[in-house]
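The next block holds one structure in the form of structure tokens; read it before the comments.
On a predicted model such as this, the values are computed, not experimentally measured, just so you know. Quick note on labels: first sequence line is chain A, next is B, and so on, each numbered from 1.
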There are 2 protein chains.
Amino acid sequence: MKKQLRMTHQREVILDELRKCKTHPTADELYERVKKKLPRISLATVYRNLEVLSGEGLIRKLEISGRQKRYDWELQEHDHIYCIQCHRVENIDLKRDRGFEVLPENAKGYSVEGCRVEFFGLCPKCRQTNKMQKKGETTMGCKTCGTGTLSDKQREVLEALSKCNEPCGSKDIAASTSLEPKQVSCQITALKKKGYVASPARCKYEITEEGKKALA
Amino acid sequence: MKKQLRMTHQREVILDELRKCKTHPTADELYERVKKKLPRISLATVYRNLEVLSGEGLIRKLEISGRQKRYDWELQEHDHIYCIQCHRVENIDLKRDRGFEVLPENAKGYSVEGCRVEFFGLCPKCRQTNKMQKKGETTMGCKTCGTGTLSDKQREVLEALSKCNEPCGSKDIAASTSLEPKQVSCQITALKKKGYVASPARCKYEITEEGKKALA
DNA sequence: TTTTGTGCAAAGTTTTTGCACATAC
DNA sequence: GTATGTGCAAAAACTTTGCACAAAA
């Protein structure tokens with residue numbers, strides 16, 4: 001006997017937000033969006049629902065490049081393009097003239113259920129960013145982290161750090177900003193790459209001279 | 001100025017073992033193999049080397065379905081087939097008659113650097129297992145976990161559990177079998193789904209009546 | 001001798017799960 | 001009222017990193 005599914009408010013909002021997304025979001029991204037409507041929802045609920053909904057065939061879990069799982073409300077099989085720099089994933093129109101069906105003799109005994117085609121390259125935004133970087137290239141430049149410009153979150157973290165007299169941990173930083181500890185550690189990683197943050201002791205961080213300049 | 005790479009013994013063995021693999025291994029799988037030759041090597045070294053070697057272009061990191069990263073010694077671009085049940089990844093011969101190149105007008109402004117084609121289905125082994133399951137199908141049947149039949153590892157874990165008088169943790173089980181703790185928890189998850197193992201307390205497991213029947 | 005790499009343990013990152021309570025049907 | 005779902009916290013699963021020491025060039 002199968003479990004009966006219920007349409008809870010949380011589930012509804014999750015589905016709803018997913019349907020609004022064009023770039024197939026990760027559980028985490030979706031959580032951030034859903035939280036704006038349901039501030040008390042937990043990440044675990046988002047994960048659980050994405051799992052249940054894709055199990056039911058209401059949405060699709062994507063098997064795609066990148067570290068995190070991504071989800072798609074579009075059920076029909078279609079192809080994707082993936083930005084190797086910012087990890088965005090978008091749909092792509094592709095006339096699959098199935099000239100590349102696997103022939104039984106080279107399927108190695110597999111029963112083939114389907115095929116994914118994934119293009120990769122740089123999205124328009126990242127192409128633009130790279131161009132700008134090339135112009136004012138510095139020694140600290142780093143293709144994959146967009147050096148030079150600070151994102152809002154990075155600025156927030158860096159500012160919090162600039163107010164500390166001694167090295168502090170990511171939880172201290174989280175407490176003095178609007179950010180989640182998880183987000184803070186992400187930003188710190190990026191800031192370390194840029195040379196704006198140093199880690200004089202394990203899990204303790206402080207702003208560097210470079211970082212102070214970047215804030216100014 | 002670029003760092004100079006050194007050929008250490010560890011690095012050599014890692015490369016060597018990778019070259020011997022036909023199914024593109026995860027870091028973990030490779031670690032298990034390498035450990036047989038260098039028992040004192042650490043998983044971190046394997047990860048670090050795979051990262052360095054793929055950074056140098058000596059091996060390839062695969063962007064492929066599944067939870068863990070996989071590596072490939074074959075540098076030339078080629079296509080893969082993925083077993084949706086056991087997660088094995090194999091090469092596949094595919095005459096890409098590139099009829100499906102992305103045309104500039106539908107690349108959405110991306111600069112396309114390449115394309116991955118991935119087939120998925122059931123590998124010969126899993127097809128076989130599924131067939132056998134269908135014969136003796138039970139109410140507990142589950143497509144993705146292979147209910148009914150016990151894999152060798154599952155049987156080993158279940159037997160270990162049947163010898164315990166009280167619920168025990170996965171590390172205790174690992175100690176009394178030939179398996180790694182990591183593998184044990186995998187098997188326990190599968191066994192729980194099948195109803196053969198219960199978890200009366202957090203992280204404590206015991207065999208169920210169902211499980212005892214399955215062993216007999 | 002200097003630079004690069006290793007083992008270890010601890011942390012970081014993403015996902016899953018047990019539990020007590022809440023909600024939909 | 002009961003089966004199903006939620007929030008929370010803790011754990012699991014996978015990967016990365018700081019450090020002190022070791023090995024390669």
Query raised in the report: Hey, does the side chain of A:Arg127 reach the backbone of B:Gly109 with a donor-acceptor pair shorter than 3.5 angstrom?
Result: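 Between the backbone of B:Gly109 and the side chain of A:Arg127 there is a qualifying donor-acceptor contact (under 3.5 Å).
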Within this structure, what is the [atom1]-to-[atom2] distance between [X] and [N], rounded to whole angstrom?
| X | N | atom1 | atom2 | result |
| --- | --- | --- | --- | --- |
| A:Lys61 | C:dT16 | NZ | C1' | 11 Å |
| A:Leu43 | D:dA9 | CG | C1' | 13 Å |
| A:Leu38 | D:dC8 | CG | P | 12 Å |
| A:Leu50 | C:dT14 | CG | C1' | 13 Å |
| B:Arg40 | D:dC21 | CZ | C1' | 12 Å |
| A:Asp28 | C:dT14 | CG | P | 7 Å |
| A:Lys35 | D:dT6 | NZ | P | 17 Å |
| B:Glu56 | C:dG5 | CD | C1' | 14 Å |

Query - With A:Arg60 via side chain to side chain donor-acceptor pair (under 3.5 Å) - residues at least two apart - result: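 So A:Arg60 forms no side chain to side chain donor-acceptor pair (under 3.5 Å) with any residue.
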Report task. With sequence neighbours left out, write down each residue that passes side chain to side chain donor-acceptor pair (under 3.5 Å) with B:Lys125, or none if nothing qualifies. Result ->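 Side chain to side chain donor-acceptor pair (under 3.5 Å) list for B:Lys125, sorted by chain: empty.
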**Report entry** Charged N-O contact under 4.0 Å between B:Lys37 and B:Glu17
**Finding:**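 So B:Lys37 pairs with B:Glu17 through a salt bridge.
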Query raised in the report: In terms of side-chain heavy atoms of B:Ser42, which of C:dG7, C:dT16, D:dT16 is nearest?
Result: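 Selected nucleotide: C:dG7.
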Taking only N and O in the side chain of [X], is any of them less than 4.0 Å away from OP1 or OP2 of [N]?
| X | N | result |
| --- | --- | --- |
| B:Thr45 | C:dG7 | yes |
| A:Gln10 | D:dG7 | yes |
| A:Lys69 | C:dT16 | yes |
| B:Gln68 | D:dC14 | yes |
| B:Arg11 | D:dA24 | no |

Query raised in the report: So do the side chains of B:Glu118 and A:Glu118 get within less than 4.5 Å of each other, counting heavy atoms only?
Result: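 Counting from C-beta outward, B:Glu118 and A:Glu118 never come under 4.5 Å.
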**Report entry** Heavy-atom check, side chain of A:Arg33 versus side chain of A:Lys20, under 4.5 Å
**Finding:**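 Yes, close enough: below the 4.5 Å cut-off.
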Requested in this report: At under 4.0 Å between heavy atoms, which parts of nucleotides 20-25 of chain C does protein reach? Answer with one letter per nucleotide, 5' to 3': B base, S sugar-phosphate only, - none.
Outcome: ---BBS
Query raised in the report: What nucleic acid atoms does A:Arg48 come within less than 4.0 Å of, heavy atoms only: base, sugar-phosphate, or nothing?
Result: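 It contacts base atoms.
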Query raised in the report: Side chains of A:Tyr110 and B:Glu90: do they bring a donor and an acceptor to under 3.5 Å?
Result: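 Looking only at side-chain atoms, B:Glu90 and A:Tyr110 do form a donor-acceptor pair, the distance falling under 3.5 Å.
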